[in-house]
Amino acid sequence: MRLTILGGGGFRLPLVYGALLGDHAEGRITHVTLHDLDPGRPAAIARVLADQAAGVPDAPKVTVTTNLDEALRGADFVFSAIRVGGLEGRAADERIALAEGVLGQETVGAGGIAYGLRTVPVAVDIARRVARLAPDAWVINFTNPAGLVTEAMARHLGDRVIGICDSPVGLGRRVARILGADPDTAWIDYVGLNHLGWLRGLRVEGRDELPRLLADPELLGSFEEGRLFGPDWLRALGAIPNEYLHYYYFNREAVRAYREAQQTRGAFLRDQQARFYEEMKRPDAPALATWDRTRAEREATYMAHNREAAGAGERDEDDLESGGYEKVALALMRAIAHNQRTTLILNVRNRTTLSVLDAEAVIEVPCFVDANGAHPVSVAPLPLHATGLVTSVKAVERFVLEASESGSRTTAVKAFALHPLIDSVTVARRLLDDYTSAHPALAYLK
């Protein structure tokens, strides 16, 4: 089978290739095409992949191209991990929002809206090309904002595009580990939107073990989300929120920490990755070792400003393990290609899963996966406080989609002004003015 990776110069791509190297099943991925607009970046990543493949028999062949149509033709799976505007764009998103006293994180609040407005048109073009050039291919979307982008692509690809994220997977694995359960066999009751969801139960042999965790302050304070949100707040919610909900529940503290920091997360990653790709221009640079060292620093500093605001301290070694989006992607491809039925937390169209949203709304929820794709499971309704957040943010996503399609500045202003973390129409207008000035990709908004 052939896998095409869009954003093939992306720093995290070796995680995906590493998962492929461990797959020796019949019908596995045998050819990987890296597509990127910048030929230098995938060339650097290809060196890392070559180091990974050393000594591995029948490692998937890797080719690099800057021609999108060429990359898509003949693909069985398309993995989308693009970043429109690059990390410089992310850093600008953060800086502009913080200057107005609001959050500029890449998927949440003003930054997420700006990122969505410049990414959706590109994602829609990709979806149309896939439908024309590789109509039988399945698209796995990791491009942020993942739920929003998946919904935009689904309007052209239907259920053949599925969004993935490692946040809920990592949360489920951490909770299972604390409770002494096997995360691969426990049933994780998780529901919401991408970066806006709650773990409401963890069932082992039919018994929900989450109440045992919520009743034990020591256990609650022993893992990432417990330190981030605090045991008292988790008990009050009766659930474990996705880490990104810290931006909502502790917004003032998060904004203050970001404004006081020497560097935003986007600026840190921009500078760090610039050093990595520059170092990789040296022919004698040890590719895999250089990548490993850079990745370790990246993981250790993840959500550092939020942990500082919460007084949570440094990340524990156990919490450094990612949710394994590369493993989710591999499991998803296996299930579809070989009808190896499994259950995964994915971003898919709602259908009738959450009654407060329409059938086309993309949500993040456990799904049964087989050769026919991903099917969301039935879940209990969200409590009122969660319903309010989910419907408000989904409304904002819809305004982003509408603005991207129509080019309407008025609709784009509505997206900013109606987000729960932006408290002023005047601020919303200034944000859009500043973002359109900073990003040529937003020139379509009139």
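- The pair Glu397-Lys394 counts as a salt bridge, with a side-chain nitrogen and a carboxylate oxygen less than 4.0 angstrom apart.
- When all heavy atoms of Arg174 and Glu224 are compared, the closest pair comes out as NE-CB, 3.9 Å.
- Leu382 is listed as a side-chain neighbour of Leu354, based on a closest heavy-atom distance under 4.5 Å.
- Looking at heavy atoms from C-beta onward, Glu106 lies out of side-chain contact with Asp93 at the 4.5 angstrom threshold.
- For the residue pair Glu297 and Gln272, a side-chain donor N or O sits within less than 3.5 Å of a side-chain acceptor on the partner.
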Derivation of the side-chain contact (heavy atoms from CB on, under 4.5 Å) call for Ser167 and Tyr325: CA-CA 8 Å; Ser167 288; Tyr325 82 95; over 6 Å; no
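- A salt bridge links Asp125 with Arg129: at least one charged nitrogen is closer than 4.0 Å to a carboxylate oxygen.
- A salt bridge between Lys327 and Asp166 is absent, with no side-chain N of the basic residue lying under 4.0 Å from a carboxylate O of the acidic one.
- Counted by atom type alone, Thr107 and His195 present one or more donor-acceptor pairs between their side chains at under 3.5 Å.
- Residues Asp271 and Gln263 bring a donor and an acceptor atom of their side chains to less than 3.5 Å of each other.
- In this model, no donor atom of one side chain and acceptor atom of the other lie less than 3.5 Å apart for Tyr115 and Tyr435.
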Can Val204 and Asp182 be said to form a side-chain contact (heavy atoms from CB on, under 4.5 Å), step by step? CA-CA 8 Å; Val204 179; Asp182 181 354; over 6 Å; no
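- Of the inter-residue distances, the one linking Ile162 atom CD1 with Arg349 atom CZ reads 11.0 Å to the nearest 0.5 angstrom.
- Salt-bridge check for Glu278 with Arg275: failed, with every basic side-chain N at 4.0 Å or more from each acidic carboxylate O.
- Separation of atoms CD1 (Ile164) and OG1 (Thr143) is listed at 10.0 Å; rounding is to 0.5 Å.
- His419 places a side-chain N or O within 3.5 Å of a backbone atom of Leu421 that can act as its donor or acceptor partner.
- Just one residue in the list Leu148, Asp358, Val393 forms a side chain to side chain contact (heavy atoms under 4.5 Å, CB included) with Arg398, and that residue is Asp358.
- With a 4.5 Å cut-off on side-chain heavy atoms, Leu332 and Ile140 count as touching.
- A cation-pi contact links Arg160 to Trp138, judged by a cut-off of 6.0 Å to the six-membered ring centre and 45° from its axis.
- The two residues Ile188 and Pro366 have their closest heavy-atom pair at O-CG, 3.4 Å.
- Few gaps surround CZ on Arg47; more than 12 heavy atoms of other groups in view lie less than 6.0 Å from it.
- In this structure, His246 and Ala254 approach most closely via the heavy-atom pair ND1-CB, 4.5 Å.
- Thr410 OG1 to Glu402 CD: the interatomic distance, rounded to the nearest 0.5 Å, is 10.0 Å.
- Using a cut-off of 4.0 Å between Lys/Arg side-chain N and Asp/Glu carboxylate O, Asp232 and Arg235 are scored as salt-bridged.
- Paired with Phe11 under the rule side chain to side chain contact (heavy atoms under 4.5 Å, CB included), one option of Gln273, Arg41, Arg83 passes, and it is Gln273.
- A donor-acceptor pair under 3.5 Å is absent between the side-chain atoms of Arg90 and the main chain of Ala267, judged by distance alone.
- Tyr277 places a side-chain heavy atom less than 4.5 Å from the side chain of Ile45.
- Within the 4.5 Å cutoff, the side chain of Glu326 has no heavy atoms near those of the Arg12 side chain.
- In this structure, Glu279 pairs ionically with Arg293, as a charged nitrogen and a carboxylate oxygen lie closer than 4.0 Å.
- When all heavy atoms of Pro241 and Leu237 are compared, the pair lying nearest together is CG-CD1, 3.6 Å.
- Residues Arg200 and Val191 meet the side-chain proximity criterion, which asks for heavy atoms closer than 4.5 Å.
- Under the side chain to side chain contact (heavy atoms under 4.5 Å, CB included) rule, Phe79 has a single partner from Leu6, Leu3, Asn141, which is Leu3.
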Pair Trp198, Tyr190 - check ring pair (Phe, Tyr, Trp, His ring centres under 6.0 Å), show working. CA-CA 6 Å; Trp198 296 262; Tyr190 181 96; 8.2 Å; no
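- Counting all heavy atoms, side chain and backbone alike, Leu344 lies closest to Val328 at CD1-O, 4.0 Å.
- At least one side-chain heavy atom of Val62 sits less than 4.5 Å from a side-chain heavy atom of Tyr17.
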Run the numbers on Asp189 and Leu199 for side-chain contact (heavy atoms from CB on, under 4.5 Å), then give the verdict. CA-CA 6 Å; Asp189 176 5; Leu199 189 154; over 6 Å; no
Show your reasoning for whether side-chain contact (heavy atoms from CB on, under 4.5 Å) applies to Arg409 and Lys414. CA-CA 9 Å; Arg409 286 183 68 89; Lys414 286 169 68 177; over 6 Å; no
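- Atom-to-atom distance recorded for Leu228:CG and Phe223:CZ is 10.0 Å, nearest 0.5 angstrom.
- Here the CG atom belonging to Leu193 is positioned 12.0 Å from the SG atom belonging to Cys165, to the nearest 0.5 angstrom.
- Taken from OG in Ser437 to CG in Leu442, the straight-line distance is 10.0 Å, to the nearest 0.5 Å.
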What's the verdict on salt bridge (charged side-chain N to carboxylate O under 4.0 Å, His left out) for Arg351 and Asp159, showing C-alpha distance, side-chain angles and the deciding distance? CA-CA 11 Å; Arg351 296 184 174 92; Asp159 293 331; 2.7 Å; yes
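- In this structure the side chain of Phe77 never reaches within 4.5 angstrom of the side chain of Val139, judged on heavy atoms.
- The nearest pair of heavy atoms linking Pro39 to Thr66 is CB-CG2, 4.1 Å.
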